Amino acid sequence: MTTSSPSVAETDLGRKRRARRIGRALTDAHPDAHCELDHSNALELAVATILSAQCTDKRVNEVTPKLFARYPSAADYAGADRTELEELIRPTGFFRNKTDSLTKLGQALVERYDGQIPGKLTDLVTLPGIGRKTANVILGNAFGVPGITVDTHFQRLVHRWRLTDETDPVKIEHAVGALFEKRDWTMLSHRVIFHGRRVCHARKPACGACTLTKLCPSYGTGPTEPAAAAKLLKGPRARDLAVAAGVDPEMVPTQAVGAEAP
């Protein structure tokens with residue numbers, strides 16, 4: 001598979017045009033992209049996002065049905081029995097710190113916002129357990145306010161694509177945001193994260209089974225031979241991702257289709 005990597009001397013306009021092409025390619029590759037934390041309202045999303053720190057979304061989703069049924073309101077978290085709450089969220093790790101965050105979040109919401117999650121970034125980031133990343137997740141998915149979520153996958157991929165040299169998450173958010181239409185920010189975040197979990201892995205990306213080869217200056221970081229790369233694809237659409245990259249889907253092993261995206 002041949003590829004023409006972007007020039008080292010890429011202009012700002014050239015970078016923006018390449019970024020937009022990457023965005024379109026991700027749209028085609030990941031039509032199923034969405035927030036992978038199960039929730040039905042803003043409070044549930046806030047709680048799930050707090051629990052997702054140092055934990056997989058799959059594990060969080062295993063814990064939250066019982067949690068949400070037991071604590072449906074901010075007041076319930078504010079008045080929660082600590083031992084009971086800790087036991088419910090124990091599987092997500094760091095359960096003592098997370099219990100602190102959830103009870104304090106509930107108290108702050110009751111005291112300052114009538115028990116409701118506010119819909120403004122400036123308000124959200126003042127709440128216990130909610131930083132800018134979590135606030136953008138809540139705004140984008142519960143309130144329809146465009147936001148970029150700079151998690152570890154997003155940060156890794158925009159660096160691999162050389163869309164920015166910034167390392168501070170807030171600066172990354174602004175730098176990448178300037179390359180795309182604001183209305184696209186939330187879905188862009190989901191698609192980048194999907195790509196990072198299913199194709200462009202941290203240690204060994206599936207370069208030879210990726211639809212971004214002609215747009216990626218880091219092509220070759222992982223195996224470029226299709227058979228080797230196809231084995232690295234993950235998730236229920238792994239074979240569809242192979243087809244999109246022009247790779248024989250039969251090269252994707254059965255266990256890859258059922259593999260959990262990290």
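In this text the structure is predicted, and so the values were computed from the model without any measurement. Heads up: numbering here begins at 1 and tracks the sequence. Below, each value reflects all heavy atoms present in this structure, side chains not excepted, and no hydrogens, waters or symmetry copies.
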Inset, instruction - Assign the ring pair H30 / F194 to parallel, tilted or perpendicular, where the plane angle (0 to 90°) is split at 30° and 60°. - result: perpendicular
Which distance, rounded to the nearest 0.5 Å, do you find between the [atom1] of [X] and the [atom2] of [Y]?
X    : Y    : atom1 : atom2 : value
R18  : L212 : CZ    : CG    : 10.0 Å
C200 : R156 : SG    : CZ    : 5.5 Å
I138 : L124 : CD1   : CG    : 5.0 Å
S189 : L26  : OG    : CG    : 11.0 Å

Is any side-chain heavy atom of [Y] closer than 4.5 Å to one of [X]?
X    : Y    : result
F143 : I117 : yes
H153 : V192 : no
C210 : H195 : yes
P31  : R237 : yes
I172 : F154 : yes
E62  : P91  : no
V145 : N136 : no

Return yes if some donor-acceptor pair links the side-chain N/O of [X] with the main-chain N/O of [Y] below 3.5 Å, else return no.
X    : Y    : result
T56  : R59  : yes
K231 : V252 : no
T64  : L67  : no
H201 : L232 : yes
E225 : A228 : yes
H34  : D32  : yes
E44  : S40  : yes
R20  : L179 : yes
N61  : E36  : yes
T11  : G14  : yes

Legend entry - Any side-chain donor near an acceptor of the partner, N141 and H190, under 3.5 Å: yes
Inset, instruction - Establish, from distance only, whether the side-chain atoms of R191 and T27 form a donor-acceptor pair under 3.5 Å. - result: yes
Legend entry - Which atom of A206 lies closest to which atom of A229, heavy atoms considered: CB-O, 3.4 Å
Inset, instruction - Identify whether the distance between the nearest side-chain nitrogen and carboxylate oxygen of D81 and R70 falls below 4.0 Å. - result: no
Legend entry - Basic-acidic side-chain contact under 4.0 Å: D168, K171: no
According to a 4.5 Å side-chain heavy-atom criterion applied to Ile, Leu, Val, Met, Phe, Trp and Tyr, with indirect links allowed, do [X] and [Y] form part of one hydrophobic cluster?
X    : Y    : value
Y113 : L139 : yes
F180 : I193 : no
L241 : V247 : no
V150 : V137 : no

Inset, instruction - Kindly determine whether L233 and R239 satisfy side chain to side chain contact (heavy atoms under 4.5 Å, CB included), including the steps that lead there. - result: CA-CA 8 Å; L233 297 173; R239 290 192 170 124; over 6 Å; no
Legend entry - Derivation of the side chain to side chain contact (heavy atoms under 4.5 Å, CB included) call for S52 and L37: CA-CA 8 Å; S52 71; L37 291 170; 4.2 Å; yes
Atom pairs and distances, side-chain donor-acceptor, residues 101-111, under 3.5 Å, sequence neighbours left out:
unit_1 : atom_1 : unit_2 : atom_2 : d
S101   : OG     : N97    : O      : 3.3
T103   : OG1    : T99    : O      : 3.0
T103   : OG1    : D100   : O      : 3.1

Could you go through residues 126-135 and list every donor-acceptor pair under 3.5 Å that involves a side-chain atom there, pairing it with any protein atom two or more places apart or in another chain?
unit_1 : atom_1 : unit_2 : atom_2 : d
T126   : OG1    : R112   : NH2    : 2.5
T126   : OG1    : D123   : O      : 2.6
R132   : NE     : E173   : OE1    : 2.6
R132   : NE     : E173   : OE2    : 3.2
R132   : NH2    : E173   : OE2    : 3.0

Inset, instruction - Mind running side chain to side chain contact (heavy atoms under 4.5 Å, CB included) on Y71 and V47 for me, showing each step along the way? - result: CA-CA 10 Å; Y71 304 102; V47 169; over 6 Å; no
Inset, instruction - Mind checking salt bridge (charged side-chain N to carboxylate O under 4.0 Å, His left out) for E86 and listing every partner two or more places apart, or none if nothing turns up? - result: R82
